[in-house]
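Read the numbers this way: they start at 1 and go in the same order the structure lists the ligands and their atoms. Keep in mind the model is a prediction, meaning the values are calculated, not measured. Residue numbers run from 1 in the order of the sequence given.
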Amino acid sequence: MKLYSTNNKNLSVSFKEAVFNSMPQDKGLYMPVEIPQLDADFIEHIEKYTLPEIANKVASALLKDEIPADDLKALIDDAINFDAPAVKLDEKTFVLELFHGPSLAFKDFGARFMSRVMAYFLKDGEQLLDVLVATSGDTGGAVALGFLGVTNTRVTILYPEGKVSPIQELQLTTNGQNIRAIEVKGTFDDCQALVKQAFADKDLNAKFRLTSANSINISRLIPQTFYYFNTYAQLKKQGLIDLIFSVPSGNFGNIGAGLLAYKLGLPVKQFIAATNINDTVPRFLESGVYETKPSTQTYSNAMDVGAPSNWVRIMDLFDNDVEALKNIITSYRFNDEETLAGIKEIDAKFDYVACPHTAIAYLAIKKFRKENPEDKSAAVFLSTAHACKFPDIFPVDIAAKIEIPKQVKALQSKAHHADKLGADFEGFKSYLLKNAD
Ligand SMILES: *Cc1c(COP(=O)(O)O)cnc(C)c1O
């Protein structure tokens, strides 16, 4: 698979190069030069395959020239070692649980695959790979747990003091080994600014082999296509082949992967991009004007993004044809009050506890059905995280129903540690230089 930049279609880099660069120098995003079509026979009989088998089929269509088949299979079996069940709520409504990985969020798919791809491409004796990541909660946990124990890598995670939930903090601070957590006196934006400055700093680049692990990395996008195919397989087994996906969206990586799956040949009738009031994309699809704005804090804070970093990629997938895009994507926004009402409704109707992000995707299906009463497709809303990661949002009676998964219980008894830093770059830089080995 060769990749170009959305800013320069003449560029052509290898997958390995795209993975380590994360972003082309011209600040575009990497996109595959060619999107292969999965063979019709595979789609026709997809219900016979397991998630790792489907993952392997999809990944090898894209990466067969980059990673030999046996290595790719081993890598996938190691990375995708948990389930993604589509749980039936009623005859035509399903919740796709993407939170059965170590950090209890869908980002585990991307982070685990990316860490193993990076480790695979790092040759013995090569310089240690230093991954720097700023997190508002979910990304950090997935990256930390994804890279934990992966040889020849070290991860430094910056998170804002007092702004991540207790379980997220446990996931960031209990790892040890090749993972270090830094609690920054500041906001998520401060953390992100520190990481950005580090990438631009001459001294740090001379000393370290730095890489980012953010959601624009192409190796995070690819594994997120797997569960769309796998969901189609699960529903096909039940005789349902007309499918709508509703995706809680922030940086639009998850839905971008869904659209990539569609381009690879997955039959999907409609995607719904569900957002909170950080609604740059719904506004764009309504007005045709793409206008980013500073993010606003909401209950679904992993979607508090005013300038979705993967949107350019989605436009590129559709050759910037907004009408073509609108045929396949609808987008709705919901505020906090509606989110809370959605959580209560899912609980009352289905006795199911959904996290705030998930509730927004549910609401978007309801709205779509109301606007399109003739559409009888089965609808799947993606549950991007386990409810226990956002304990403050729920009314007490619903909170009481949330079961804490075993992964979290295991962390509670572990020692935790975070280094504490201010939000100034000089402090961060000298920390990195002092703790170089
Ligand atoms: C990251 C995240 C999202 C948003 O996903 P994008 O790929 O950025 O659109 C939604 N929900 C949860 C729980 C997340 O962690």
Side-chain angles (χ1 to χ4, degrees), residues 29 84 95-114 133-146 159 163-165 167-168 171-172 188 192 213-225 227-228 245-261 271-276 278-282 292 295 298-314 329 331-334 339 342-343 353-364 381-391 393:
L29 295 179
V95 52
L96 175 59
E97 295 186 342
L98 298 174
F99 52 71
H100 294 282
S103 85
L104 311 175
F106 82 97
K107 292 188 171 76
D108 286 326
F109 282 88
R112 287 179 69 82
F113 187 79
M114 174 174 63
V133 51
T135 186
S136 57
D138 270 355
T139 299
V143 171
L145 292 157
Y159 69 95
K163 301 231 168 51
V164 303
S165 79
I167 287 176
Q168 287 173 330
Q171 291 174 340
L172 298 174
F188 168 63
Q192 205 158 29
N214 59 23
S215 82
I216 57 168
N217 196 295
I218 190 71
S219 67
R220 277 180 64 168
L221 207 67
I222 292 170
Q224 293 178 178
T225 63
Y227 46 76
Y228 287 95
F245 284 104
S246 177
V247 187
S249 297
N251 268 319
F252 282 70
N254 200 356
I255 197 167
L259 291 160
L260 178 58
F271 287 94
I272 308 174
T275 75
N276 58 32
N278 295 284
D279 60 350
T280 299
V281 169
T292 62
S295 65
T298 72
Y299 288 164
S300 48
N301 66 356
M303 296 165 21
D304 294 347
V305 180
S309 54
N310 278 290
W311 185 251
V312 170
R313 213 168 231 155
I314 292 175
I329 308 190
S331 189
Y332 302 121
R333 78 180 69 73
F334 299 92
T339 305
I343 289 173
V353 184
C355 92
H357 313 79
T358 307
I360 286 180
Y362 166 79
L363 292 169
F381 61 103
L382 276 58
S383 180
T384 43
H386 193 288
C388 73
K389 297 185 90 173
F390 313 95
I393 311 295

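- With no hydrogens or angles considered, no side-chain donor-acceptor pair links Asn217 and Arg220 at under 3.5 Å.
- Within 4.0 Å of ligand 1, heavy atoms belong to protein residues Phe106, Lys107, Asp138, Pro248, Ser249, Gly250, Asn251, Phe252, Gly253, Asn254, Ala302, Met303, His357, Thr384, Ala385.
- Across all non-hydrogen atoms, the minimal contact from Pro102 to Asp108 is N-OD2, 3.2 Å.
- Taken to the nearest 0.5 Å, the CD1 atom of Ile314 stands 7.5 Å off from the OG atom of Ser249.
- Closest heavy-atom contact between Ala274 and Ser246: CB-OG, 4.2 Å.
- Note on ring orientation: taking the six-membered ring where Trp is involved, the planes of Phe390 and His357 are tilted (angle from 30° to 60°).
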Side chain to side chain contact (heavy atoms under 4.5 Å, CB included) assessment of Asn276 paired with Tyr299: CA-CA 9 Å; Asn276 58 32; Tyr299 288 164; over 6 Å; no
